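Note sheet for the following structure.
None of the values given here were measured: they were computed from a predicted structure. In the text below, chain A, chain B and the rest are named by the order of the sequence lines, each starting its count at 1.
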Number of protein chains: 2
Amino acid sequence: MTEQKANDNYNDITITTASDQVFVDMRREIVQGTIEQGSKISEPELAKRYGVSRATLREALNRLESCYLVERKANVGCRVVALTAERLIEVYQVRSALEGLACRLAADNMEPQEVQGLKQLLNQHLQTQRVKEGESYYQEAGDLDFHYRIIKGSKNAHLIHLLCNELYQLIRMYRVQMGMAGPRVSKAFDEHLAIINAIENHDGELAEMLMKRHISASQANIQTKFDLHAAKK
Amino acid sequence: MTEQKANDNYNDITITTASDQVFVDMRREIVQGTIEQGSKISEPELAKRYGVSRATLREALNRLESCYLVERKANVGCRVVALTAERLIEVYQVRSALEGLACRLAADNMEPQEVQGLKQLLNQHLQTQRVKEGESYYQEAGDLDFHYRIIKGSKNAHLIHLLCNELYQLIRMYRVQMGMAGPRVSKAFDEHLAIINAIENHDGELAEMLMKRHISASQANIQTKFDLHAAKK
DNA sequence: TGAATTTAGATTGTCGACAATTAATAACGT
DNA sequence: ACGTTATTAATTGTCGACAATCTAAATTCA
């Protein structure tokens with residue numbers, strides 16, 4: 001298991017209430033595997049652990065359900081989602097379609113300065129990547145930043161919410177728990193570059209195609225880790 | 001405003017708890033406009049009206065938020081979503097991508113008998129449509145059935161949930177409140193037929209393209225009503 | 001002994017009341 | 001008279017307790 005630290009709050013939530021805090025905390029623990037996948041969630045137990053009432057905890061559980069990290073059955077309770085190969089495929093099919101759309105829209109809607117910022121970001125990643133070889137956290141964070149910026153560049157609020165707030169935590173959960181390091185780093189960099197170019201040229205169709213392909217490759221990569229992980233047991 | 005009756009529970013929810021009931025009831029009222037768009041939701045007031053406690057009502061509100069029918073701000077409260085032209089475009093862009101994907105998957109994964117059932121359904125719609133001219137409810141229900149079956153034919157559980165449980169109620173809200181009748185009936189029928197044929201031939205690419213186009217046309221149709229509606233005021 | 005039923009325990013769903021925050025009204029000063 | 005600051009009222013967030021339901025252990029019967 002790769003070490004993960006701080007700054008898991010990628011989507012910009014402002015924490016005001018107690019349930020906000022519990023939601024963010026639990027989300028991190030689930031994504032990182034501290035609360036392990038497939039495990040049953042006891043409301044009284046966790047409420048005590050976080051020092052809040054059950055009502056507050058249930059509020060957080062509802063939010064976690066909205067981003068697919070827990071599943072609920074009436075009168076039975078919550079369970080942390082189980083990471084299966086089937087679900088990975090399903091989620092990535094959806095992700096591919098949505099992020100492809102985001103990329104196509106971004107080609108039309110991103111401001112020139114946003115595109116420049118994206119380029120700079122990529123250069124930074126190239127450098128830090130050379131320095132911190134094999135440190136998977138920076139890679140994950142960097143890749144995430146890249147995708148987030150493009151998604152937000154689509155300027156479609158509904159799409160942004162769907163991807164950044166709802167779907168991405170589940171995707172992160174797969175990536176973190178499968179352990180994303182491996183030899184795909186340089187390839188991913190080239191793919192990112194090609195996508196930026198397409199966006200800069202306002203070639204939406206190409207940008208969409210490249211992004212879909214990029215995500216498919218990413219899926220294949222995780223799939224490999226998954227099978228490896230399954231074979232070990 | 002077109003008259004809407006019974007059977008609004010298109011997605012198969014089994015109602016076990018009290019909050020389930022309130023959720024379904026409120027959802028219907030919001031979609032139909034009984035609780036009007038953009039209006040503030042008073043928790044004490046509605047709790048009294050449905051004869052439940054605030055905790056139960058809040059549970060329902062959380063679920064309504066998950067399917068984009070209400071929006072929440074911390075320490076301020078809930079508001080029914082406002083139907084704007086911008087949001088319509090955003091939602092339909094997402095819908096187009098997702099249902100296009102569903103259609104492509106359906107071309108691979110639907111059983112022959114499911115395809116047959118779809119054909120029969122379309123024939124029924126053709127007949128009932130001739131009889132009940134201008135009755136928009138049957139049209140809406142029919143169209144919905146058609147789309148639902150294809151979505152479920154994708155066999156992608158995540159995609160099915162995303163479309164049927166989360167997104168579709170909002171789409172229905174637009175359709176119902178804008179008043180879907182109009183001359184697009186026969187055209188839509190032809191488009192449906194072409195989609196079925198593509199699915200039957202296992203031509204996923206074509207099926208996806210046709211579905212996307214079909215949805216774009218549907219969007220344009222609603223857009224027109226929307227502008228008309230806005231001009232009236 | 002094994003399967004079905006009953007019973008006991010624990011968990012979730014629901015309620016009413018209190019605390020914290022916001023929105024609306026009134027008071028105040030310039 | 002107008003803008004600003006207090007004060008009040010209402011609303012949301014949170015809590016602890018009770019009721020309904022499920023799970024699992026114990027009992028009964030074949």
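Taking atom CD on B:E43 and atom P on C:dG16, their separation rounds to 15 Å, with Å as the unit. In this structure, A:I15 places its CD1 atom 16 Å from C1' of D:dG13, rounding to the nearest Å. Between the P atom of D:dT21 and the NZ atom of A:K73 lies a distance of 18 Å, rounded to the nearest Å. Per the geometry, CG belonging to B:L57 stands 15 Å off C1' belonging to C:dG13, to the nearest Å. At whole-Å resolution of the value, CZ in A:R54 and C1' in C:dT14 are 9 Å apart. Rounded to an integer number of Å, the gap from B:R79 CZ to D:dT11 P is 13 Å. For A:D20 and D:dG13, the CG to C1' distance is 11 Å, given to the nearest whole Å. Distance, A:I41 CD1 to D:dC22 P: 20 Å, rounded to whole Å.
Contact record, B:E43 with B:R58: OE2-NH1, 3.1 Å, taken as the closest heavy-atom pair. A:Q177 approaches A:I30 most closely through the heavy-atom pair NE2-O, 3.1 Å.
Between atom CD of residue A:E99 and atom OG of residue A:S218 there is a gap of 9.0 Å, rounded to the nearest 0.5 Å.
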Original post:
Would A:E90 and A:V94 satisfy side-chain contact (heavy atoms from CB on, under 4.5 Å), going step by step from the backbone distance to the final call?
Top reply: CA-CA 6 Å; A:E90 289 186 353; A:V94 169; 6.0 Å; no
Subject >> side-chain contact (heavy atoms from CB on, under 4.5 Å) assessment of A:D20 paired with A:R63 >> reply: CA-CA 9 Å; A:D20 284 340; A:R63 311 250 290 276; 2.6 Å; yes
**OP:** Give the intermediate values and the outcome of side-chain contact (heavy atoms from CB on, under 4.5 Å) for residues A:C67 and A:N165.
**Re:** CA-CA 7 Å; A:C67 52; A:N165 293 98; over 6 Å; no
**OP:** Start with the C-alpha distance between B:V22 and B:L57, add both sets of side-chain angles, then the distance that settles side-chain contact (heavy atoms from CB on, under 4.5 Å), and finish with yes or no.
**Re:** CA-CA 7 Å; B:V22 175; B:L57 185 93; 4.1 Å; yes
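Using a 4.0 Å cut-off, some side-chain N or O of A:R72 falls inside it from OP1 or OP2 of C:dG13. Phosphate proximity of D:dG13 to A:S19: absent, as no side-chain N or O sits under 4.0 Å from OP1 or OP2. Of the side-chain N and O atoms in A:K40, one or more sit less than 4.0 angstrom from OP1 or OP2 of C:dT12. Residue A:S53 places no side-chain N or O under 4.0 Å from the OP1 or OP2 atom of D:dT14. For the OP1/OP2 pair of C:dG13 and a distance below 4.0 Å, the side-chain nitrogens and oxygens of A:R58 include at least one atom meeting the criterion.
Here B:T16 lies out of heavy-atom contact (under 4.0 Å) with every strand. Counting non-hydrogen atoms under 4.0 angstrom, B:A18 reaches the backbone sugars and phosphates but no base.
Of the candidates C:dA17, C:dC15, C:dT22, C:dC15 carries the atom nearest the B:T56 side chain, counting heavy atoms from C-beta on. Here the nucleotide nearest the side chain of B:T17, chosen from D:dG16, C:dG13, C:dC15, is C:dG13. Comparing atom distances between the A:N75 side chain and each of D:dC22, C:dA23, D:dG13 picks out D:dC22 as nearest.
Evaluated for a side chain to side chain contact (heavy atoms under 4.5 Å, CB included) with B:I171, the options B:R175, B:M173, B:Q169 yield exactly one hit, B:R175.
A distance-only check finds no donor-acceptor pair linking the side chain of B:Y68 to the backbone of B:Y168 [under 3.5 Å].
Along DNA chain D, the nucleotide nearest B:A55 and the nucleotide nearest B:P44 are compared for position; the residue whose nucleotide lies closer to the 5' end is B:P44.
A perpendicular orientation is assigned to the rings of B:H192 and B:H214, their planes being inclined by more than 60° (bins at 30° and 60°).
Direction change of the helix axis from one end of the helix from C:dT1-D:dA30 to C:dT30-D:dA1 to the other is 0°, with five pairs defining each end axis (rounded to 10°).
Residues from residues 59-71 of chain B placing a heavy atom under 4.0 Å of any atom in DNA chain C do not occur.
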